[in-house]
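The sequence lines fix the lettering, A, B, ..., with proteins before strands; numbering per chain opens at 1.
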2 protein chains.
Amino acid sequence: MDPEQRKHEVADGVLAEKINHLRDRLYPDPADRPGYAKLAARIREQTGKPMSATYLWELASGRKRNITQDTLATLAEFFGVPPEYFLDDVVTSRVDAQLELVTALRNQKVRSIALRAEGLSDDTLDALLVMVTEARRIERLGPSADTARREPDESG
Amino acid sequence: MDPEQRKHEVADGVLAEKINHLRDRLYPDPADRPGYAKLAARIREQTGKPMSATYLWELASGRKRNITQDTLATLAEFFGVPPEYFLDDVVTSRVDAQLELVTALRNQKVRSIALRAEGLSDDTLDALLVMVTEARRIERLGPSADTARREPDESG
DNA sequence: AAGACCCATCCGCTCAAGCGGACGGTTGCT
DNA sequence: AGCAACCGTCCGCTTGAGCGGATGGGTCTT
């Protein structure tokens with residue numbers, strides 16, 4: 001199975017899967033693997049922050065999922081993962097889309113052009129768009145990643 | 001609490017600052033800047049998730065700080081930043097560098113121009129820079145935020 | 001067979017996350 | 001002057017995150 005599709009269907013219970021996965025990885029031997037009571041006790045000892053066995057089970061079984069920043073930080077600290085580990089979901093794709101733009105804007109002159117284009121009239125922007133597209137053709141560059149995309153928002 | 005051994009001390013206390021910073025970046029013009037009531041309404045419209053004006057103010061003023069994953073995702077989605085922005089300082093500063101551009105790039109056409117300008121030769125970029133600057137003068141727009149800045153990066 | 005543990009699961013409570021509605025102050029329009 | 005709209009701020013309420021303390025069932029010793 002491809003791991004890209006499952007993040008859509010089980011987007012609700014991902015947190016539970018991640019906690020169980022981290023517990024299994026931290027205690028590979030099922031014989032030595034502690035239950036939620038002992039695990040919560042160890043989290044309390046190691047991090048100094050509160051953590052109850054009941055709530056830990058509720059999280060691991062998917063009954064509760066909307067955790068606060070404090071709880072998230074506690075789990076991340078104990079399992080030795082960055083806090084972002086627990087919240088990478090469908091938003092990741094949107095970040096990727098932004099990264100594409102960030103790559104283009106690494107050039108200082110491209111940045112300047114973008115900044116100075118802000119606020120210009122629609123007609124002027126269209127004219128500039130024609131120019132830059134034509135310049136691309138002249139310099140024998142392939143079409144930009146933008147040409148294929150169609151985003152129907154941005155009221156203005 | 002225990003203010004002794006926290007590694008992300010800044011990330012804890014300054015959620016309020018981050019929210020205010022993001023609001024100021026998204027609405028650079030103080031005259032057009034909405035209050036918490038209108039801002040919350042826009043968050044609701046744009047994300048489809050609930051968000052009250054009172055709670056938004058409580059967050060921005062530092063009265064509440066331990067937000068849940070849902071609220072965090074709502075804010076991140078609206079402000080166009082990765083959710084880690086509110087957790088990690090490193091991510092915060094890295095994203096902040098881009099936010100100024102994101103403000104300008106809300107316009108779809110400006111985005112397209114920036115994407116297509118990538119890879120063009122230096123001479124062509126200079127020519128485009130002249131054109132867009134001239135267009136600004138013709139349309140009676142003030143100088144962009146970029147014109148005053150001198151950044152000594154991008155050696156090549 | 002009974003005591004001592006540990007397990008997953010459940011019930012019910014506390015308290016803060018989150019919200020609705022109001023208050024007084026300021027700006028601007030008529 | 002009045003009204004309308006918006007602002008930041010406060011109060012009190014509901015809801016759910018998070019927890020303490022049962023419960024019953026399994027697996028060891030003795």
When you match B:K38 and A:M51 each to their closest nucleotide on DNA chain D, which lands nearer the 5' end?
B:K38
Can you confirm whether B:R33 is buried at CZ, in the sense that more than 12 heavy atoms of other residues, nucleotides or ligands lie under 6.0 Å from that atom?
yes
Between C1' of D:dG8 and CZ of B:R33, the distance in whole Å
15 Å
Interatomic distance, A:L56 CG vs C:dC10 C1' [rounded to whole Å]:
16 Å
Measure the distance from CG on A:L72 to P on D:dG18 and round it to the nearest whole Å.
10 Å
Starting from the 5' end of DNA chain C, give me the residue, A:G35 or B:Q69, whose nearest nucleotide shows up first.
A:G35
Under-4.0 Å side-chain N/O to phosphate OP1/OP2 contact, A:W57 with C:dT9
yes
Between D:dA17 and A:R63, is there an OP1 or OP2 to side-chain N/O distance shorter than 4.0 Å?
no
Within 45 degrees of the ring normal and closer than 6.0 Å to the centroid, is that where the cationic atom of A:R23 sits relative to A:Y36?
yes
B:N66 atom CG is separated from D:dT15 atom P, nearest whole Å, by 21 Å
Contact class for B:T71 (heavy atom, under 4.0 Å): base, sugar-phosphate, or nothing?
sugar-phosphate
B:D32 CG - D:dA5 P separation (whole Å):
19 Å
Would you say B:E77 and B:T47 are linked by a side-chain donor-acceptor pair, where the criterion is simply a distance under 3.5 Å?
no
Take the protein atom OH of B:Y36 and the nucleotide atom P of D:dC10, then report the distance between them rounded to whole Å.
12 Å
When only distance counts, do a donor and an acceptor, one from the side chain of A:K64 and one from the base of D:dG16, lie under 3.5 Å apart?
no
Whole angstrom is fine here: how far is it from CZ in B:R65 over to P in C:dA16?
12 Å
To the closest 0.5 Å, what do you measure between NE2 (A:H21) and CD1 (A:I19)?
12.5 Å
Does B:T68 have a side-chain nitrogen or oxygen under 4.0 Å from the phosphate oxygens OP1 or OP2 of C:dG18?
yes
Of the listed C:dC10, C:dG18, D:dG18, the closest approach to the A:T54 side chain comes from C:dC10
What's the closest nucleotide to the side chain of A:A37 if the choices are C:dA17, C:dA8, C:dC7?
C:dC7
Nearest to side-chain heavy atoms of A:Y55, which nucleotide of C:dG18, C:dC10, D:dA17:
D:dA17
Length of the line joining A:D70:CG and C:dC15:P, which is rounded to integer Å:
17 Å
For B:L22 and B:F86, what are the C-alpha separation, side-chain angles and deciding distance, and is it a side chain to side chain contact (heavy atoms under 4.5 Å, CB included)?
CA-CA 11 Å; B:L22 285 172; B:F86 296 104; 3.7 Å; yes
